[in-house]
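Heads up, the thing below is written out as structure tokens.
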There are 2 protein chains.
Amino acid sequence: MAVTSGIKNRTRQAIIDAAIDLLADNPACSLGDIASAAQVGRTTLHRYFAERADLLSAVAVEGGQRLVRAARLAELERGTGGEALLRLCREYFDLGPLLSLIFSEQGGECWEAQDETSLHTVIERGRRDGSIDPVLPADWVLSLLWSQLYAAWSYLGERPGSSRHHVLDLLTRTLTNALRPEPKPDPVRGKASATP
Amino acid sequence: MAVTSGIKNRTRQAIIDAAIDLLADNPACSLGDIASAAQVGRTTLHRYFAERADLLSAVAVEGGQRLVRAARLAELERGTGGEALLRLCREYFDLGPLLSLIFSEQGGECWEAQDETSLHTVIERGRRDGSIDPVLPADWVLSLLWSQLYAAWSYLGERPGSSRHHVLDLLTRTLTNALRPEPKPDPVRGKASATP
DNA sequence: CCGCAATGGAACACATGTGTTCCACTACGA
DNA sequence: TCGTAGTGGAACACATGTGTTCCATTGCGG
């Protein structure tokens with residue numbers, strides 16, 4: 001193992017963690033801010049990450065690992081596609097500030113590159129087993145997942161009163177509903193479409 | 001009217017429009033970029049907006065006006081609350097890049113300050129007439145509206161192939177479903193159940 | 001005790017963005 | 001024709017962030 005000294009890894013991790021927190025609510029924050037948030041001198045930060053870009057890519061790697069871990073915890077192969085996606089959503093929700101970061105940099109980053117195909121697989125399964133509306137493209141389902149995830153996270157952040165559990169409940173309910181297939185093929189022209 | 005000269009207003013508007021476009025995908029873009037996007041010298045830009053903050057607040061005002069106009073076009077007083085919200089969603093969708101801007105700066109800006117109460121009114125109406133699930137807090141409904149709106153807009157932007165109409169259709173379907181109340185009549189006791 | 005690894009601070013050069021001043025150019029109306 | 005409003009470019013000082021170098025410090029193991 002190249003465990004240089006153990007303490008170096010700890011410092012390195014502290015910097016990355018601080019970077020995730022600060023970059024989450026200000027992607028343009030300065031290295032000095034990150035350094036002091038990590039309780040580390042700016043010199044030390046540069047000793048670990050020569051350039052800003054190096055830190056950013058380290059953050060991306062860390063984020064990617066956390067995403068993969070979350071996906072593993074979600075046991076995507078279990079149950080219907082819809083249920084699996086819901087479990088994934090719960091795990092992702094626990095990623096906290098990382099959500100903002102991923103969402104803000106969304107648009108072609110390498111974040112999920114690896115498990116993007118496995119997500120598509122899950123969604124595909126869901127459309128076939130009837131737990132996800134087959135009319136919705138998989139890409140759109142993913143967009144929905146991320147946007148509602150982000151909405152839930154910032155909703156929680158803006159309301160110190162509401163509990164994590166309550167918000168997660170709202171998220172679960174609305175995401176489930178959004179993805180649910182139309183219960184009936186016949187389009188009624190009446191008011192409410194309560195299943196007769 | 002203080003229509004200084006007509007040409008001044010045109011220049012001013014060009015600057016604001018360019019600012020909205022550029023700030024939408026990079027909130028930290030430079031004034032020089034905005035100036036050249038508006039086909040205007042940086043000097044001229046500073047002649048209209050002494051400081052960056054002045055331009056930003058002018059953009060906020062413009063954005064607020066467009067929001068109000070969209071809300072008026074949506075005729076929020078017509079139909080059920082859910083229908084009104086859907087119409088509003090369609091109008092908002094036409095705001096284009098402004099969506100990204102509003103969404104990125106979301107979190108206490110003055111954007112909607114004025115019609116926020118009217119939106120709450122509409123949602124309240126929807127919960128009573130059965131078109132919006134009463135379990136969902138109005139705040140959460142708004143969060144959903146904005147996040148899905150943003151998701152739809154960026155979905156469109158990342159896929160030059162898909163038509164505006166198609167994306168708007170996806171948005172409408174998923175938002176409607178997300179807000180739809182539980183069909184409360186006796187459940188089929190099937191496998192998948194939401195609230196235990 | 002000495003020496004080395006790890007760190008923090010000060011100082012520097014550099015790049016970019018900002019806000020200002022000054023001057024030249026163009027179009028248009030009196 | 002001239003004067004003025006509107007504009008654009010060049011240059012400047014200033015602020016902030018970045019990347020680097022150099023040196024002093026702390027702490028731990030030999």
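Note that the structure is predicted; figures quoted are calculated from it, not measured. Chain A is the first sequence line, chain B the second, and so forth, proteins listed ahead of strands; every chain is numbered from 1.
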Whole-Å distance, A:Arg10 CZ to C:dA5 P, equals 18 Å
Quickly work out the A:Asp33 CG to D:dT16 P distance and round it to whole Å. 12 Å
With side-chain hydrogen bond (donor to acceptor under 3.5 Å, both in side chains) as the rule and sequence neighbours excluded, what pairs involving residues 27-40 of chain B come up? B:Ser30-B:Asp33
Write out all pairs satisfying salt bridge (charged side-chain N to carboxylate O under 4.0 Å, His left out) with one or both partners inside residues 87-104 of chain B, taking only residues at least two apart or from two chains. B:Asp94-B:Arg164
Write down the protein N/O and nucleotide N/O pairs, taken from nucleotides 19-23 of chain D, whose separation is under 3.5 Å; answer none if there are no such pairs.
from	atom 1	to	atom 2	distance (Å)
D:dG19	OP2	A:Arg52	N	3.2
D:dG19	N7	A:Arg42	NH1	3.1
D:dG19	O6	A:Arg42	NH2	3.1

With ring-ring contact (aromatic ring centres under 6.0 Å, His included) as the rule and sequence neighbours excluded, what pairs involving residues 118-141 of chain B come up? A:Tyr155-B:Trp140
Residues 52-90 of chain A vs ring-ring contact (aromatic ring centres under 6.0 Å, His included), sequence neighbours excluded, gives none
With a 4.0 Å heavy-atom cut-off, tell me which residues in residues 15-30 of chain A come close to DNA chain C, sorted by residue number. none
Set of residues satisfying side chain to side chain donor-acceptor pair (under 3.5 Å) with respect to B:Thr174, sequence neighbours excluded: B:Gln148
Test ring-ring contact (aromatic ring centres under 6.0 Å, His included) on B:Phe103 and A:Tyr150; report intermediate values, then the result. CA-CA 11 Å; B:Phe103 197 77; A:Tyr150 177 77; 5.7 Å; yes
Answer yes or no: does a side-chain N or O of A:Tyr48 lie under 4.0 Å from OP1 or OP2 of C:dA6? no
Determine which pairs satisfy salt bridge (charged side-chain N to carboxylate O under 4.0 Å, His left out) with at least one residue from residues 56-66 of chain B, sequence neighbours left out, and list them in order. B:Asp17-B:Arg66, B:Glu62-B:Arg66
Between B:Gly32 and A:Gly41, which has a closest nucleotide on DNA chain C that is more 5'? A:Gly41
Partner residues of B:Arg159 under the side chain to side chain donor-acceptor pair (under 3.5 Å) criterion, sequence neighbours left out: A:Asp139
Rounding to a whole Å, what distance do you find between B:Asn9:CG and D:dG6:P? 10 Å
Would you tell me if any nitrogen or oxygen in the side chain of B:Thr11 comes within less than 4.0 Å of OP1 or OP2 on D:dT7? yes
